[in-house]
Amino acid sequence: MGHQGISQQYPLSLTRFIHPYRLNLAAGGIDGKVTVSGIYRDQWNGLPGRPRGSSISISAPLNEWSGAWGAHLEDQRIGLEHHIGSLVSYSQVFPMNQILIAGGLGLGYQYINIDYNSIRTPDGNYQGTIIDHNDPHLDLPQLAGQTINVHPAIYLQSHWFESGIELEWPLIYFSKEKTQFYTKNKNLKFLINKEYKVGKYELYSHLVVNSDFVQIQSEILLKIQVNGNIFGSILWRGLNENTLDGVGGMVGFRLNSKIWLVYGVELPLNKIKNQISGLNQEMGLRVQWNRSMSRYKIPLIYHPRWSD
């Protein structure tokens, strides 16, 4: 493992588009709706140490402040790693004549733990219940690292397209151990998307670029929704042989006026596709409703796409 480990990009969700907050924290809640979503991902089923993860997100408008708030909680397991992350944020909305700009700021916490008992080294002693890695860097009772991160974000809406940038910047590292073996990388997320209607069809597409300033990962999504009740979509991740990852397909069904169910499957296209087994499967749930004005008389946040 060495003295210090550097974080990697965690598996990207197929169905994160069901919640704007997951694409850009400044986008959550600015349409005047309360949205709650949950996602479960199981990757390469049957492979020991396979990536698995779940998350829940919520965003809602704060009409009295012309703003919005959001929160996110996730649990990821990859190999020996167990990662828990959380995020809370606030966004301020600035409506203009032809565009809307939302600026957001989030504060996140991340915890990673390495399964100490499952590590095996060439010179280690593993007889019965004895676990001795015989490595000076693995002599700690627990291998864990924690960070607090700041998330500045900006999101722009117009009649022609929507776009946003979100940055995750590690602010504080701390650990109970004598050695900080884990370092969280910076992360940048860029989004550009377009949504429009053609008769009974609603079309949506987006380009998302993720970067940890070491590797760039991009994805293209195309979605067609019919009569507002059912949709199908296809996702392509990667633009060349160095970033090629997979292709996925998703279907979604509206159960009632507030609830959507989504299921997605992804096929690997990368260099290790012949060394892994099973599909990348993902299930998502979204519940969405309009924010009640209650005692406040301020109009819902202005949305250019819905105006005349």
Trace of the side chain to side chain contact (heavy atoms under 4.5 Å, CB included) decision for Tyr155 with Leu100
CA-CA 8 Å; Tyr155 193 77; Leu100 176 150; 5.8 Å; no
Drop me the distance from His151's NE2 to Lys189's NZ, to the nearest 0.5 angstrom.
8.5 Å
Correct closest heavy-atom pair for Ser57 and His72 would be OG-ND1, 2.7 Å
Measure across Ala68 and Gly28 and return the closest heavy-atom pair with its distance rounded to 0.1 Å.
CB-O, 3.2 Å
Just wondering, do Thr15 and Tyr40 contact through their side chains at under 4.5 Å, heavy atoms?
no
Phe161 vs Ile192 side-chain heavy atoms within contact, under 4.5 Å
yes
Find out if a path of hydrophobic residues (ILVMFWY) with successive side-chain heavy-atom gaps under 4.5 Å connects Leu188 to Ile216.
yes
Side-chain donor-acceptor pair under 3.5 Å between His206 and Glu195, yes or no?
no
Please report the closest heavy-atom contact between Lys33 and Asn290, naming both atoms and the distance.
NZ-OD1, 2.8 Å
When rounded to the nearest 0.5 angstrom, what distance separates CZ in Arg77 from OG in Ser54?
9.0 Å
Between atom CG of Leu222 and atom OG of Ser233, what is the distance when rounded to the nearest 0.5 Å?
8.5 Å
Quick check against the 3.5 Å criterion: does Thr147 have a side-chain atom that pairs as donor or acceptor with the backbone of Asn149?
no
Might you confirm whether atom CD1 of Ile101 has over 12 heavy atoms from other residues, nucleotides or ligands at distances under 6.0 Å?
yes
Please lay out, stage by stage, how Trp236 and Leu244 fare under the test side chain to side chain contact (heavy atoms under 4.5 Å, CB included).
CA-CA 9 Å; Trp236 179 272; Leu244 190 61; 3.5 Å; yes
Taking Gln92 for its side chain and Ser66 for its backbone only, find out whether a donor-acceptor pair lies under 3.5 Å.
yes
Any idea which heavy atoms bring Ala26 and Ile30 closest together, and the distance?
O-CG2, 3.5 Å
Gap between atom CD of Glu282 and atom CD1 of Ile18 - 0.5 Å precision
8.5 Å
If we ignore hydrogens and angles and just use 3.5 Å, is the side chain of Glu166 paired with the main-chain N or O of Leu25 as donor and acceptor?
yes
Within the supplied structure, the quantity of interest is the number of heavy atoms (other residues, nucleotides, ligands) at a distance under 6.0 Å from Tyr126 OH; does it exceed 12?
yes
Smallest separation among heavy atoms of Arg22 and Ser37, with atom names:
CD-OG, 4.2 Å
Do the ring planes of Phe231 and Phe17 sit parallel (below 30°), tilted (30 to 60°) or perpendicular (above 60°)?
perpendicular
Could you walk me through whether Val88 and Tyr109 satisfy the side chain to side chain contact (heavy atoms under 4.5 Å, CB included) test, starting with their C-alpha distance in whole Å, then the side-chain angles of each, then the deciding distance to 0.1 Å, before giving a yes or no?
CA-CA 9 Å; Val88 293; Tyr109 168 78; over 6 Å; no
Donor-acceptor under 3.5 Å (Asn227 side chain, Asn229 main chain):
no
Taking Arg41 for the side chain and Ser13 for the main chain, is one N or O donor matched with an acceptor at less than 3.5 Å?
no
Side-chain heavy atoms of Gln288 within contact of His19, under 4.5 Å
no
Any chance you could measure Trp44, atom CH2, to Arg52, atom CZ, to the nearest 0.5 Å?
13.5 Å
For Leu191, does its backbone N or O pair with a side-chain atom of Ser163 as donor and acceptor, under 3.5 Å?
yes
Would Phe94 end up clustered with Leu62 when hydrophobic side chains under 4.5 Å apart are linked, directly or stepwise?
no
Do other residues, nucleotides or ligands put more than 12 heavy atoms under 6.0 Å from Lys194 NZ?
yes
Quick one: OG1 on Thr243 to CG on Asp245, what's the gap to the nearest 0.5 Å?
8.5 Å
Between Lys186 and Pro170, is there a donor-acceptor pair closer than 3.5 Å when you use the side chain of the first and the backbone of the second?
no
Is any side-chain heavy atom of Ile230 closer than 4.5 Å to one of Val251?
no
Indicate, with yes or no, if Leu87 and Ile84 share a hydrophobic cluster defined by side-chain heavy-atom contacts under 4.5 Å among Ile, Leu, Val, Met, Phe, Trp and Tyr.
no
Where do Arg16 and Val208 come nearest, in terms of heavy atoms and distance?
NH2-CG1, 3.4 Å
Is Thr121 reaching over with its side chain to a backbone N or O of His133, donor-acceptor style, under 3.5 angstrom?
yes
Could you check if a side-chain atom of Glu266 sits within less than 4.5 angstrom of a side-chain atom of Val247, using non-hydrogen atoms only?
no
Atom CH2 of Trp169: over 12 foreign heavy atoms under 6.0 Å:
no
Close side-chain approach of Asp115 to His82, heavy-atom, < 4.5 Å:
no
If we ignore hydrogens and angles and just use 3.5 Å, is the side chain of Tyr21 paired with the main-chain N or O of Ser59 as donor and acceptor?
no
If we only count heavy atoms from C-beta on, is the Tyr204 to Leu221 side-chain gap below 4.5 Å?
yes
Using side-chain heavy atoms (C-beta onward) and a distance below 4.5 Å, is Asn210 in contact with Gln215?
no
